[in-house]
Amino acid sequence: MRVRFAPSPTGHLHVGNARTALFNWLLARRHGGTFILRIEDTDVDRSTAASEQAIVDDLQWLGLVWDEGIAAAGGHGPYRQSERLDIYARHARQLLDAGHAYRCFCSAETLEAARQAQLAAGQPPRYAGTCRGLAPDVAAARVAAGEPAVVRLAVPAGREVRFTDLVRGDVTFHTDVIGDPILVRSDGMPAYNFAVVVDDALMAITHVVRGEDHISNTPRQLLLYEAFGWTPPAFAHLSLVMGPDHAPLSKRHGATSVAEFRAKGYLPEALANYLALIGWSPGEGEELLPLDELARRFDLAHVGHSAGVFDEDKLAWVNRHYLKAAAPARLVDLTTPFLADRGVVRGTVSAAGRAWLEFVVPPTAGAVDRLSDIPDRLHAVFAFDARAAVAQSSVRAEFEQPDARRVVAALAEVLAARPRLVDRETFRDAVAEVRARTGLKGRALLHPIRVALTGAGEGPELDLLVPAIDRAAELPGEAGLAPAVGCRERAAATMAALDAAGP
RNA sequence: GUCCCCAUCGUCCAGAGGCCUAGGACGCGGCCCUUUCAAGGCUGAAACCCGGGUUCGAAUCCCGGUGGGGACGCCA
């Protein structure tokens, strides 16, 4: 089995295309086949080397390694269509000579006008076949005279083209609804339908798994296989991925590219796992499975027929699972850029700074949806302003609670008499003392402490936050982290701000 | 407009004629756990698009309707 993913390097890798790549990859892995990456860059105006690189990076990030293709070995190259121009020219010649294709001299403007007219008249827009009857020698003479021409496939009239789609079953098209497709453009570049067929055939592709948007191209391609006398591969058309409003996923729905999800702090294994769940089920009610296990169970016959809505909430849930399972050192590495963006990490992190990150990041990552949420949860460690906090209405409201001030006063005293609270035990111990002094417990006790120390009512568990603050406060200035004020000072400052603000 | 594809909870899936009083997951509500915030556990509400057939029996098969999507490019 040989399958391929053939993106066009005209932008970032879209999640819908990433899913197509994934399904191809899963199928190849499942059957011990070969997964090939081919670049379809025949649109010179829109294709860029940067896009190709971005797609390569995204595929590698997702873990979808290819066995053959650009930047890999393989005996069926080149794998970039722009490097196969002589091959297409040779095959176009073959079709022309065999009478399966012909030259068309209609200008793009003429064609566009005809298309508009047909649309306006409620007719299916389709090439009328104007140049089809031109005698070969007449056409050759016009070409020799320098007249621009395209090469079109002569689609046989009155026939049915059918194929058995591996996911949808039998599909039938009538050739009467197919206009003669352009094979070679006037500038000599091959057109999509022509290049794919030549490449898939020459690269010995056995299964073409692609988006449903290509289903109507399939009859044209089948006709080409027939013209060449080649045996076509098996086809499988995947339903499309939609946005929440059931419209094609687009920028207006938020993130749509793999790169954007990576930038938002989703783990590659999470995105890949989630993508596999759109239109397919690993079975037995299981959903959270690693790529190799998904591959072990993958089966085209069980791929769904209807379009799937991309649900970022569910992606986040999958991501949470992998965030909890990720190795601590990796989490720190992945989170550092997000922390740097917020100014928490500054420059080179020292061993002490790194130790601090390894203390706080893994447990924090286990409680958020994505890595980009981590700076928010850690924000309070480095930013604290008692006066500003007390000026907030929500914080003031907290301290209007009957015993809140007593808690802060006791906390300030307790902390003043203690060393830094650098672990959970010493923190709990300090809380126990505040509890003993105030006789309060539960929310009445912890919430004022939280607000007094962080200036906000929400955030990570105090068991982690407080030690994180005091450890950060002990760090030398060159640790690579922003400076932090310790809890002892915070409690005192809050008390002072409260006193200054009056009852 | 023409052709093609599709149609189970809000969303993603399970369901290949009786196992369906339609199952799981996300999200949502409730409860539990928790000296705070989350997380986690348990639990609840929530769907077979409509109409005809076929059959002893249909979410499952057939036809029609409706709805959604795709294609109709010198884009891929």
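In what follows, chains are A, B, ... by sequence order, proteins preceding strands, each numbered from 1.
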When the [atom1] atoms of [N] and [M] are considered, how many whole Å apart are they?
N: B:rU8; M: B:rA14; atom1: P; result: 11 Å
N: B:rU54; M: B:rA59; atom1: P; result: 16 Å
N: B:rU43; M: B:rA25; atom1: P; result: 9 Å
N: B:rA39; M: B:rC31; atom1: P; result: 16 Å
N: B:rG69; M: B:rA46; atom1: C1'; result: 25 Å
N: B:rC74; M: B:rC62; atom1: P; result: 37 Å
N: B:rU66; M: B:rG51; atom1: P; result: 15 Å

Of the candidate nucleotides [options], which contains the atom at the shortest distance from the side chain of [X]?
X: A:E212; options: B:rA71, B:rC5, B:rU36; value: B:rC5
X: A:L240; options: B:rG1, B:rG70, B:rC75; value: B:rG70
X: A:D313; options: B:rC26, B:rU36, B:rG73; value: B:rC26
X: A:R185; options: B:rC5, B:rG1, B:rC74; value: B:rC74
X: A:K314; options: B:rC37, B:rG24, B:rG10; value: B:rG24
X: A:V309; options: B:rC37, B:rC12, B:rC6; value: B:rC12
X: A:V171; options: B:rG70, B:rA38, B:rC4; value: B:rC4
X: A:H305; options: B:rC37, B:rA76, B:rC6; value: B:rC6
X: A:L119; options: B:rA16, B:rC12, B:rG1; value: B:rG1
X: A:V177; options: B:rA16, B:rC3, B:rG27; value: B:rC3

Name the residue closer to the 5' end of RNA chain B, choosing between A:R435 and A:V368 according to the nucleotide with the nearest heavy atom.
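It is A:R435 whose nearest nucleotide is closer to the 5' end.
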
Result for 5'-nearest mapping on RNA chain B, choosing between A:H246 and A:C104, is A:H246

Complementary nucleotide for [N] - Watson-Crick or wobble, under 3.5 Å:
N: B:rA71; result: B:rU2
N: B:rC26; result: B:rG10
N: B:rC56; result: B:rG18
N: B:rG51; result: B:rC63

Please classify the nucleic acid contact of [X] as base, sugar-phosphate, or nothing, using heavy-atom distances under 4.0 Å.
X: A:L462; value: base
X: A:G211; value: nothing
X: A:S306; value: sugar-phosphate
X: A:V431; value: base
X: A:R377; value: base
X: A:M242; value: sugar-phosphate
X: A:V150; value: base
X: A:T172; value: sugar-phosphate
X: A:T10; value: nothing
X: A:R115; value: sugar-phosphate
X: A:E287; value: base
X: A:H214; value: base
X: A:R162; value: nothing
X: A:N217; value: base

Measure the spacing between CZ of A:F5 and CG of A:L13 and express it to the nearest 0.5 Å.
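Here the interatomic distance stands at 5.0 Å.
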
Output the distance between atom CZ (A:F427) and atom CG (A:D470), rounded to the nearest 0.5 Å.
10.0 Å

Under 4.0 Å between a side-chain N or O of A:R210 and OP1 or OP2 of B:rG70?
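Indeed not, no polar side-chain atom of A:R210 lies that close.
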
Taking atom types as modelled, find out whether A:N17 and A:H14 have a side-chain donor-acceptor pair closer than 3.5 angstrom.
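There is no such pair between these side chains.
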
Short side-chain donor-acceptor distance under 3.5 Å, A:Y88 and A:D199:
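Judged by distance alone, the side chains do pair up.
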
Are [Y] and [X] an aromatic pair, judged by ring center distance below 6.0 Å?
X: A:F261; Y: A:F310; result: yes
X: A:F23; Y: A:F298; result: yes
X: A:F399; Y: A:H447; result: no

Kindly indicate whether the side chain of A:H302 and the base of B:rA16 share any N or O donor-acceptor pair separated by less than 3.5 Å?
yes

Establish whether the base of B:rC74 is bridged to the side chain of A:S186 by a donor-acceptor pair shorter than 3.5 Å.
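Per atom types, the contact qualifies.
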
Using whole Å, report how far NE2 of A:H237 lies from C1' of B:rG70.
11 Å

Are side-chain heavy atoms of A:I182 and A:V151 found at a separation under 4.5 Å?
no

